[in-house]
Amino acid sequence: MSQHHTTADLFRRTDFMLRRCIEKKLRTLDTEIYRSQHRLLMHLGRNPDCSQSELAARLDISPAAVAVSLRKLEKGGYIERKTNAEDHRSNRVAVTDRGNQIIHDSIRFFDEIDCGMFEGFSKEEMEQFRGFLERAHRNLSRMHADTGKEQTE
C-alpha cells in the first residue's frame, strides 16, 4: 500500500471519528436535530438573518434541502422565518432563544472536542498541521475545478 493511500485512509478514519464524537455530544442536547440541520443552525448563529437562497449558496447545498431542514428547525422552535421587509416574496431566517441555547451548548462541545483532538500538540505542530491541511484542501479544490472543466469540454 502506498504512503499516499495509507495517509489518505488515516485522514478519512480521523474525519469519521471526529464526526462520531460530534454526533455523540450532540445527542446529549436531547433535541431532534440532525447533523445537517445542526450545521444550518450554527451557520445562522454566525450569519443572522440569512435568506433561504443565501443559506443554500453559502453551505453549498440545494435550496430544496435547505427548505426541508428549515421546516424541521422551525417546527422544533429553533428558528423563525420573517418576511423580508424589502421583498415580500422572500423570508429571512432568524434563530430563536431556543436555537441560541443549542448554538451556545454546541460551541462549548466543539471547543471540548477540538481541544481533546489536539491534546499534546505544540503550537508549532498545530501551525504545521494547519499548513498541511490547507495545502491538501487547495490541491483537492484545484482537482475539483479541473474535473468540472473536463466535463464541460
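Scope of the values below: all heavy atoms of this structure, side chains included, with no hydrogens, waters or symmetry mates.
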Colleague: As an exercise, state the distance from CG of L59 to CZ of R39, rounded to the nearest 0.5 Å.
Modeller: 4.5 Å

Colleague: Would you find more than 12 non-hydrogen atoms of other residues, nucleotides or ligands less than 6.0 Å from R46 atom CZ?
Modeller: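 Check passes, neighbour count above 12.
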
Colleague: Within a radius of less than 6.0 Å around CG of D97, do more than 12 heavy atoms belonging to other residues, nucleotides or ligands occur?
Modeller: no

Colleague: Looking at every heavy atom in both G45 and V95, which two are closest together, and how far apart are they?
Modeller: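 Taking every non-hydrogen atom into account, N-CG2, 4.1 Å.
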
Colleague: Would you say M126 ends up clustered with F110 if hydrophobic residues are merged whenever their side chains have heavy atoms under 4.5 Å apart, either directly or through other cluster members?
Modeller: yes

Colleague: Considering non-hydrogen atoms only, spot the tightest contact between K25 and F109 and give its length.
Modeller: O-CE1, 3.3 Å

Colleague: Spell out, yes or no, whether F132 and F118 are grouped together once hydrophobic residues are joined by side-chain heavy atoms under 4.5 Å, including indirect joins.
Modeller: no

Colleague: Between NE2 of H38 and CE of M42, what distance do you get to the nearest 0.5 Å?
Modeller: 5.0 Å

Colleague: With a 4.0 Å cut-off, would you call R19 and D15 a salt bridge?
Modeller: yes

Colleague: Assess, by modelled atom type and distance only, whether the side chains of D105 and Q101 contain a donor and an acceptor separated by less than 3.5 Å.
Modeller: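 There is such a pair between these side chains.
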
Colleague: Supply the atom-to-atom distance T14 OG1 to D9 CG, rounded to the nearest 0.5 angstrom.
Modeller: 9.0 Å

Colleague: Find the distance between CD1 (I33) and CG (L26) and round it off to the nearest 0.5 Å.
Modeller: 8.5 Å

Colleague: Do L18 and I22 have side chains that get closer than 4.5 Å, going by heavy atoms?
Modeller: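 A side-chain contact under 4.5 Å exists here.
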
Colleague: If we ignore hydrogens and angles and just use 3.5 Å, is the side chain of R81 paired with the main-chain N or O of E74 as donor and acceptor?
Modeller: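 Not at all, since once roles are kept as given, no pair shorter than 3.5 Å links the two residues.
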
Colleague: Give me the atom names and distance for the closest heavy-atom approach of Q37 to L73.
Modeller: O-CD1, 3.7 Å

Colleague: Say you draw a straight line from CD1 of I113 to CE of M17; how long is it, rounded to the nearest 0.5 Å?
Modeller: 12.0 Å

Colleague: Which heavy atom of F121 sits nearest to which heavy atom of E125, and what is that distance?
Modeller: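 Result for this residue pair: CA-OE1, 3.3 Å.
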
Colleague: Enter the distance from I79:CD1 to K72:NZ here, rounded to the nearest 0.5 Å.
Modeller: 13.0 Å

Colleague: Look at the side chain of R58 and the backbone N and O of C50, then say whether any donor-acceptor pair between them is shorter than 3.5 Å.
Modeller: no

Colleague: Could you tell me if the side chain of E23 sits less than 4.5 Å from the side chain of R27, heavy atoms only?
Modeller: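 When only atoms from C-beta onward are counted, E23 and R27 do touch, with a gap below 4.5 Å.
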
Colleague: Is R108 salt-bridged to D111, going by a charged N under 4.0 Å from an acidic O?
Modeller: no

Colleague: T7 and side chain to side chain contact (heavy atoms under 4.5 Å, CB included): which single residue from H4, Q3, H5 fits?
Modeller: Q3

Colleague: Identify whether the distance between the nearest side-chain nitrogen and carboxylate oxygen of R92 and E54 falls below 4.0 Å.
Modeller: yes

Colleague: Find out whether V93 and L40 are in side-chain contact, i.e. whether some heavy atom of one side chain is under 4.5 Å from a heavy atom of the other.
Modeller: no

Colleague: Under the side chain to side chain contact (heavy atoms under 4.5 Å, CB included) test, which residues partner S62, sequence neighbours left out?
Modeller: A64, A65

Colleague: Identify the heavy atoms of I103 and L41 that sit nearest to each other, and give their distance.
Modeller: CD1-O, 3.4 Å

Colleague: Is R142 close to D146 at the side-chain level, that is, under 4.5 Å between some pair of heavy atoms?
Modeller: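 Touching, per the 4.5 Å side-chain cut-off.
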
Colleague: Is there a path of hydrophobic side-chain contacts, each under 4.5 Å between heavy atoms, that joins V68 and I61?
Modeller: no

Colleague: Between Q52 and P63, which heavy-atom pair has the shortest distance, and what is it?
Modeller: NE2-O, 3.7 Å

